[in-house]
Enquirer: 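I have a structure here, written as structure tokens, and I will follow up with some questions on it.
Treat the numbers as computed from the prediction; the structure is a model and nothing was measured.
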Amino acid sequence: MLVAIVAAALVLAPPSFDFRRWLLHSRVVRRLSANVRSAPGARRRPGTVEGMTATQAPPRWDLDPIFAGLEDRGFNNALEGVYARVDRLVALYDELDIRAREPGPVDAAAVTALESVLDATNELQSELRPIATYLYALVSTDSRDDVAASRHVELQTRAAPLAALGKRLGAWLASLDVDALIARSPAAAEHEFALRKAAENAELQMSEYEESLAGELAPSGSLAWQRLHGEISSQLTVVIDVGGKQEQVPMAQARGLATHPDASRRRAAYEGELDAWATVAVPLAAALNGAKGELGVLNRRRGFADDLEPALRANNVDRATLDAMTDAVVASLPAFRRYLRAKAKLLGHSGGLPWWDLFAPVGRAGTIDWPDATAQVREAFAGFSPDLVGLANRAFTEQWVDAETRAGKQGGAYCAGVGGDVSRIMMNFDGSQDSVSTLAHELGHAFHNVTLAERTPLQRRLPMALAETASIFCETLLFEHAAAGADDDAERLALLDVHLVGATQTVVDIHSRFLFETELCARRRRTTLSVADMKAAMLDAQDAAYGDGLDPDARHEYMWAVKGHYFTPFYNWPYTFGLLFGIGLYARYVDDPEAFRSGYDDLLSTVGMADASSLAARFGFDIRDRAFWADSLVVVERHVDDYERLAKAATA
């Protein structure tokens, strides 16, 4: 999950632009466990991840190449340099009078002013990125590091004026002939998409004074509520009672026990988790009410039709596209329910699957050590291109990855760009095949950063919907490689389950989150929601999405508390977009590998420079057509058919 990095949207950002989207590409929260299964065919070792030798255990990353520490002179000089650049950029806007004004001609002065602003903004963002990544890396892996947390908030506060500058630039551009600007300035032409977006979005903003005030208040408002959620959830512990023997573990580890081979331990972890969330439900409900209340007011003041519209604009996706995808998702839900019922029967349940068995292992169980995980990824990537496997080798050699699960570390995973073609990856490796998939996913983001290295910071700003393209593609490469190497049906069943668990989370569970957030935003415009209201809305959303695939008496009424995603408005549906778009790309790759490879890197390097529909059209996709999404979902439905066949044979 994500917490805020700095408070502000950056210059040229659309009205709802979130700095986190500029810096991070976060994985949907995955299973975090110490005792889990392995991929069939992997070298199996008894025991737990904690029991591995030093060479087998997941690593911590090396941050020293970025900065040597918070007291390091280089870090503090860089931080003060960024603060000075923020001040200079504000002064430059004032000097050039970049703000709403009466329409006027595009003269030499206007061209010079725009080029000055573009240069200064790109320079600032280049210097800001490694600092923001470094601070976020510290707070996301140790929530008890008060010094890092303080500097993190300080950065949010000092960068807050950038939000208002983006709105001022959009208003200024709206008063000019953008076509004429682009024709007269090579720099403007290079940033055409961003400039047009900024001008189009100018009508959906408050006054300059109001936007400035909103930006400065955010670190003490919605971002503070989000920090509270992150701090509470990362420090929460769970009491697990198995057969009268109690054990207290961090929340991340408890949630990861959903993959434990022992059903009684899975259930005990689930019940303990619910009890733990209940102890902090009041402050977490207050945090969600506070953040959603603030953003709802701002959206109304800015003139948005609803709270979804800003997310659509931020993702360069129109409502017709989202509606087409959602219609296809709803039509596919019966297939996912078939998978869940088949898994339930495989695990000895009659009817729907209880929540504690959603992630239960089927087939062979065991543990994959870190060297085997990296080997799997290397082999899968090598089949696609030398550049992709070269990136993976570089990430492992240069210690880009922090994969160790430990107290105070946030759950989930993300990839953050440092600068140029360098990234850092945070994940919680638990020895499962799912963790290997997460590793491939985040390395996909890192490869995407490589393709963006020559772009300016403003050109490489990615909407979440398209930021998932490379990561989902790399996950698919890994799955297909592993499936092709399966020796028998038992191995294939286990691999299919890992794959379908991920697809179910990305399609079905995210649909439930979308339904929940839609209801939350609508009701929050009228009143606040109590803990009971939050729980009831979550259960209703899960019922609508999972249907009879889940046991109605064993769902998860606190998923609104678990997920920090809700603090980034409508954060979740772009993952469904990314999964289905990535499946479509993989199908195109299989049809003509050489032609696909020749255009793939270029596609990745331009995803911040066009809307989603235009980029998809380059591969012959019409994403406003429900049939495109349905075709991708048919691929998943075929995997469900295969799973049902294998599950039936296994229980015969």
Enquirer: Kindly say whether M609 contributes a backbone atom to a donor-acceptor pair with the side chain of T606 at under 3.5 angstrom?
Expert: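 No, T606 side chain to M609 backbone: no donor-acceptor pair under 3.5 Å.
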Enquirer: Quick one: do the T141 and D402 side chains pair a donor with an acceptor below 3.5 Å?
Expert: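 Absent: no donor and acceptor within the cut-off.
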Enquirer: So R424 and P65, do their side chains get closer than 4.5 Å, heavy atoms only?
Expert: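 Side-chain contact under 4.5 Å: yes.
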Enquirer: Say whether, by atom type as modelled, one donor and one acceptor occur between the side chain of S435 and the main chain of D430 under 3.5 angstrom.
Expert: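 Checking the backbone N and O of D430 against the side chain of S435, a donor-acceptor pair under 3.5 Å is found.
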Enquirer: Side chains of K409 and T405: closer than 4.5 Å at any heavy-atom pair?
Expert: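 Answer no - side chains too far apart.
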Enquirer: Tell me if a side-chain donor or acceptor on S185 pairs with a main-chain N or O of L181 at a distance below 3.5 Å.
Expert: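 Side chain of S185 to backbone of L181, a donor-acceptor pair under 3.5 Å: no, none is there.
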Enquirer: Can you find a heavy atom in the side chain of R60 that is under 4.5 Å from one in the side chain of R406?
Expert: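 Of all side-chain heavy-atom pairs linking R406 with R60, at least one is under 4.5 Å.
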Enquirer: Can you check side-chain contact (heavy atoms from CB on, under 4.5 Å) on D611 and F193, steps first, answer last?
Expert: CA-CA 8 Å; D611 61 44; F193 180 69; 4.2 Å; yes
Enquirer: Does any part of the side chain of F570, heavy atoms only, come nearer than 4.5 Å to the side chain of N315, both counted from C-beta?
Expert: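 In short, these two side chains do not touch, never coming nearer than 4.5 Å.
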Enquirer: With no hydrogens and no angle check, do the side chains of D387 and S385 hold a donor and an acceptor under 3.5 Å apart?
Expert: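 Looking only at side-chain atoms, S385 and D387 do not form any donor-acceptor pair under 3.5 Å.
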Enquirer: May I ask you to say whether D97 pairs ionically with R99, meaning some side-chain N is under 4.0 Å from a carboxylate O?
Expert: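 Salt bridge flag = yes for R99 with D97.
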Enquirer: Please check: side-chain N/O of S605 versus main-chain N/O of D602, any donor-acceptor pairing under 3.5 Å?
Expert: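 A pair under 3.5 Å: yes.
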Enquirer: Just checking, any donor-acceptor pair under 3.5 angstrom between side chains of S234 and Q410?
Expert: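 S234 vs Q410: no donor-acceptor pair found between side chains.
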Enquirer: Roughly how far, to the nearest 0.5 Å, is the CG atom of L477 from the CZ atom of F381?
Expert: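 Between atom CZ of F381 and atom CG of L477 there are 7.0 Å.
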Enquirer: Is it true that R394 and D421 make a salt bridge, defined as a side-chain N closer than 4.0 Å to a carboxylate O?
Expert: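 Yes, R394 and D421 are salt-bridged.
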Enquirer: CD of Q505 to CD1 of I510: how many Å apart, nearest 0.5 Å?
Expert: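 That separation rounds to 8.0 Å.
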Enquirer: Under a 4.5 Å cut-off applied to non-hydrogen side-chain atoms, are N572 and K563 in contact?
Expert: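 The answer is no, as the side chains (C-beta and beyond) never meet within the 4.5 Å cut-off.
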Enquirer: Taking G412's backbone N and O only, do any of them form a donor-acceptor pair with N428's side chain (distance below 3.5 Å, no angle check)?
Expert: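 Answer holds: yes.
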Enquirer: side-chain contact (heavy atoms from CB on, under 4.5 Å), that's the test. Do C415 and N449 meet it? Break it down for me.
Expert: CA-CA 9 Å; C415 175; N449 285 337; 3.9 Å; yes
Enquirer: Could you check whether any side-chain N or O of T374 sits under 3.5 Å from a backbone N or O of P371, counting only pairs where one atom can act as donor and the other as acceptor?
Expert: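 Side chain of T374 to backbone of P371, a donor-acceptor pair under 3.5 Å: yes, one is there.
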Enquirer: Enter the distance from H191:NE2 to R196:CZ here, rounded to the nearest 0.5 Å.
Expert: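 Reported to 0.5 Å precision, the distance equals 14.5 Å.
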Enquirer: Decide yes or no on side-chain contact (heavy atoms from CB on, under 4.5 Å) for L79 and R151, but give the supporting numbers first.
Expert: CA-CA 10 Å; L79 194 63; R151 302 308 292 271; 2.9 Å; yes
Enquirer: Ion pair present between K292 and D307, side-chain N to carboxylate O less than 4.0 angstrom?
Expert: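 Salt bridge: no.
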Enquirer: Looking at CD of E190 and CG of L195, how far apart are the two atoms once the value is rounded to the nearest 0.5 Å?
Expert: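 Separation between the atoms: 11.0 Å.
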Enquirer: Could you please spell out the steps behind the side-chain contact (heavy atoms from CB on, under 4.5 Å) verdict for V450 and D601?
Expert: CA-CA 9 Å; V450 170; D601 288 9; over 6 Å; no
Enquirer: Please name the pair of heavy atoms, one in A148 and one in L135, separated by the smallest distance, quoted to 0.1 Å.
Expert: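 It is O-CD2, 4.2 Å.
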Enquirer: Could you check whether Q248 and T237, counting side-chain N and O atoms only, form a donor-acceptor pair closer than 3.5 Å?
Expert: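 Short answer, yes.
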Enquirer: Provide the closest heavy-atom pair for A465 versus W573 in the form atom of the first, atom of the second, distance.
Expert: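 Taking every non-hydrogen atom into account, CB-CZ3, 4.4 Å.
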Enquirer: Are the side chains of W172 and L114 in contact, using a 4.5 Å heavy-atom criterion?
Expert: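 Yes, their side chains come closer than 4.5 Å.
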Enquirer: Between R227 (side chain only) and P219 (backbone N and O only), is there a donor and an acceptor less than 3.5 Å apart?
Expert: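 It does hold such a pair.
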Enquirer: First locate atom CD of Q226, then atom CZ of F567, and finally report the distance between them rounded to the nearest 0.5 Å.
Expert: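 Rounded to the nearest 0.5 Å, the CD-CZ separation comes out at 6.5 Å.
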Enquirer: Salt bridge check, E517 against R513: does any charged N sit closer than 4.0 Å to a carboxylate O?
Expert: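 E517 and R513: not salt-bridged.
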Enquirer: Are any of the side-chain heavy atoms of Y134 and I131 separated by less than 4.5 Å?
Expert: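 A side-chain contact is absent here, since even the closest heavy-atom pair is not under 4.5 Å.
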Enquirer: Is a side-chain N or O of H152 found less than 3.5 angstrom from the main chain of A132, in a donor-acceptor match?
Expert: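 No; zero donor-acceptor contacts below 3.5 Å.
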Enquirer: Please confirm whether the backbone N or O of R313 pairs with a side-chain atom of K197, one donor and one acceptor, at under 3.5 Å?
Expert: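 Present.
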Enquirer: Identify the two heavy atoms, one from G170 and one from A202, that lie closest to each other, and give their separation to 0.1 Å.
Expert: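 Shortest heavy-atom contact: O-CB, 3.3 Å.
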Enquirer: Would you say the side chains of T112 and E115 form a donor-acceptor pair under 3.5 Å?
Expert: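 The answer is no; no qualifying pair exists.
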Enquirer: side-chain hydrogen bond (donor to acceptor under 3.5 Å, both in side chains) between E123 and S126: does it pass, once the steps are laid out?
Expert: CA-CA 5 Å; E123 289 171 3; S126 292; over 6 Å; no
Enquirer: Within a radius of less than 6.0 Å around CD of E454, do more than 12 heavy atoms belonging to other residues, nucleotides or ligands occur?
Expert: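 Not more than 12 within 6.0 Å, no.
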Enquirer: Nearest heavy-atom pair of L118 and A187: which atoms, and what distance?
Expert: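 Residues L118 and A187, closest heavy atoms: CD1-O, 3.9 Å.
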Enquirer: Could you measure the distance from the CD atom of E468 to the SG atom of C474? Nearest 0.5 Å is fine.
Expert: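 Nearest 0.5 Å value for the CD-SG distance: 11.5 Å.
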Enquirer: Please find out if less than 6.0 Å separates the ring center of F384 from that of Y600.
Expert: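 When the ring centroids of F384 and Y600 are compared, they turn out to be within the sub-6.0 Å range.
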Enquirer: Check whether the ring centres of W560 and Y566 lie less than 6.0 Å apart, and answer yes or no.
Expert: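 So the answer is no for these two rings.
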Enquirer: The criterion is side chain to side chain contact (heavy atoms under 4.5 Å, CB included); which residues satisfy it with A612, sequence neighbours excluded?
Expert: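 So A612 forms a side chain to side chain contact (heavy atoms under 4.5 Å, CB included) with V317, L466, F577, I623.
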Enquirer: Should the ring pair F396 and W370 be called parallel, tilted or perpendicular, given that the plane angle runs from 0 to 90° and is split at 30 and 60?
Expert: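 Correct class here is perpendicular.
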Enquirer: Between K167 and E208, is there a side-chain N and carboxylate O pair less than 4.0 Å apart?
Expert: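 Not counted as a salt bridge, because no side-chain N and carboxylate O are separated by less than 4.0 Å.
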Enquirer: Please give me the minimum heavy-atom distance between M251 and A276, naming the atom from each residue.
Expert: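 Closest approach of M251 to A276, heavy atoms only: CE-CB, 3.9 Å.
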Enquirer: Do side-chain atoms of H448 reach the backbone of T469 as a donor and acceptor pair under 3.5 angstrom?
Expert: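 Judged by distance alone, no pair lies under 3.5 Å.
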Enquirer: Compile the donor-acceptor pairs under 3.5 Å between side chains in residues 66-73 and protein atoms, sequence neighbours left out, one pair per line.
Expert:
| from | atom 1 | to | atom 2 | distance (Å) |
| --- | --- | --- | --- | --- |
| D72 | OD2 | G74 | N | 3.2 |
| D72 | OD2 | F75 | N | 3.1 |

Enquirer: List the atom of Q205, the atom of A171, and the distance in Å for their closest heavy-atom pair.
Expert: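 What the structure gives for the nearest pair is NE2-CB, 3.7 Å.
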Enquirer: Check the pair R455 / N122 against side-chain hydrogen bond (donor to acceptor under 3.5 Å, both in side chains), numbers first and verdict last.
Expert: CA-CA 10 Å; R455 300 295 184 186; N122 279 321; over 6 Å; no
Enquirer: For Q433 and Q376, which I'm curious about, is there any donor-acceptor pair between the side chains at under 3.5 Å?
Expert: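 Side chains of Q433 and Q376: pair found under 3.5 Å.
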Enquirer: Measuring only between side-chain heavy atoms, which start at C-beta, is V418 closer than 4.5 Å to S423?
Expert: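 The answer is no; the side chains never approach within 4.5 Å.
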Enquirer: Do R168 and Y93 meet the cation-pi criteria used here (NZ or CZ under 6.0 Å from the six-membered ring centre, within 45° of the axis)?
Expert: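 The answer is no; the distance or angle limit is not met.
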